[in-house]
Amino acid sequence: RMEGASNRERTNTTSWRNICISSGNASLYSLISGITSSPDGENMRIFEVDAPIKSASETAKMGSKFIKLQETYGHAGPRYIQYILNNTESVKKRLLAKLEYVIDKYTLVNKERYWADMIAATLVGGEIAKELDLHSFGIAEIEEWLKTGIKEARRDTSVSASTRVYLSITYSSLANN
């Protein structure tokens with residue numbers, strides 16, 4: 001219990017396979033850097049996306065979208081999950097193909113493997129949700145944006161990130177650790 005801030009090797013008997021989305025006023029990279037002396041491994045399991053607010057009108061627009069999200073929360077989940085359950089093997093194949101595509105397209109290296117897993121899962125999930133008419137986001141536009149997002153994440157993990165408004169997407173490997 002008292003070893004939480006140490007960087008000592010610990011036995012890991014768990015296996016996580018999830019993606020978590022959160023938001024905050026401080027960079028998780030900076031927060032983790034303040035806890036451990038060698039945050040490289042932890043930071044490579046985080047993919048932060050800067051979401052700056054540019055104007056008061058943009059803030060108001062975002063507020064109205066959050067209200068709409070709260071009103072419709074939970075409606076898409078059952079349809080989406082039912083699809084995944086009914087098509088598990090084809091979704092796994094699709095995910096593995098997307099993982100290879102992502103690694104190649106964005107020239108991700110071994111230390112960025114968690115990013116590759118998260119990006120592949122997010123893109124496949126987005127594609128499936130779009131096929132089910134659960135959203136109308138442009139997947140191609142998201143893929144184009146990832147070029148900048150990955151460049152920024154590489155910069156932020158090589159140098160401690162400053163405190164900014166972030167949408168932080170954290171995740172663990174889809175494969176066993």
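Note that the structure is a prediction, hence the values are computed from the model and not measured.
With rounding to the nearest 0.5 Å, the separation of CD1 in I81 from CG in N86 is 11.0 Å. Atom CG of residue L123 and atom CD of residue E143 lie 5.0 Å apart, to the nearest 0.5 angstrom. One distance of note links CG of L95 with OG1 of T88; it measures 12.0 Å at 0.5 Å rounding. Atoms OG1 and CD1, from T107 and I150 in turn, are 8.0 Å apart once rounded to the nearest 0.5 Å.
When the side chains of ILVMFWY residues are joined at heavy-atom separations under 4.5 Å, either directly or via intervening members, Y114 and L99 end up in two distinct hydrophobic clusters. Under the 4.5 Å side-chain heavy-atom criterion for grouping Ile, Leu, Val, Met, Phe, Trp and Tyr, I119 is not connected to V109 through any hydrophobic cluster. The cluster map of Ile, Leu, Val, Met, Phe, Trp and Tyr, joined by side-chain heavy atoms under 4.5 Å apart, puts F137 and L146 in the same cluster. A single hydrophobic cluster is not seen to contain both L96 and V91; linkage of ILVMFWY side chains at heavy-atom distances under 4.5 Å, directly or through other members, places them apart.
When all heavy atoms of I103 and A116 are compared, the pair lying nearest together is CG1-CB, 3.8 Å. When all heavy atoms of K98 and V124 are compared, the pair lying nearest together is CB-CG2, 3.5 Å. Shortest non-hydrogen contact noted between Y83 and E131 is OH-OE1, 4.4 Å. Across all non-hydrogen atoms, the minimal contact from A76 to L134 is CB-CD2, 3.8 Å. Between L132 and Y80 the shortest heavy-atom distance is CD1-CA, 4.0 Å.
In this structure, H135 contributes its side chain and G126 its backbone to a donor-acceptor pair below 3.5 Å.
Between W115 and R154, some side-chain heavy-atom pair lies under the 4.5 Å cut-off. The shortest side-chain heavy-atom distance between D104 and E100 does not fall under the 4.5 Å cut-off.
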For this session: Output, in order, the C-alpha distance, side-chain angles, deciding distance and verdict of salt bridge (charged side-chain N to carboxylate O under 4.0 Å, His left out) for K92 and E89.
Result: CA-CA 5 Å; K92 284 181 183 179; E89 288 309 311; 3.8 Å; yes
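Relative to the six-membered ring of Y101, K105 misses at least one condition, a distance below 6.0 Å or an angle of at most 45° to the axis.
Between K130 and E127 there is no salt bridge, since none of the side-chain N atoms of the basic residue sits less than 4.0 Å from a carboxylate O of the acidic one.
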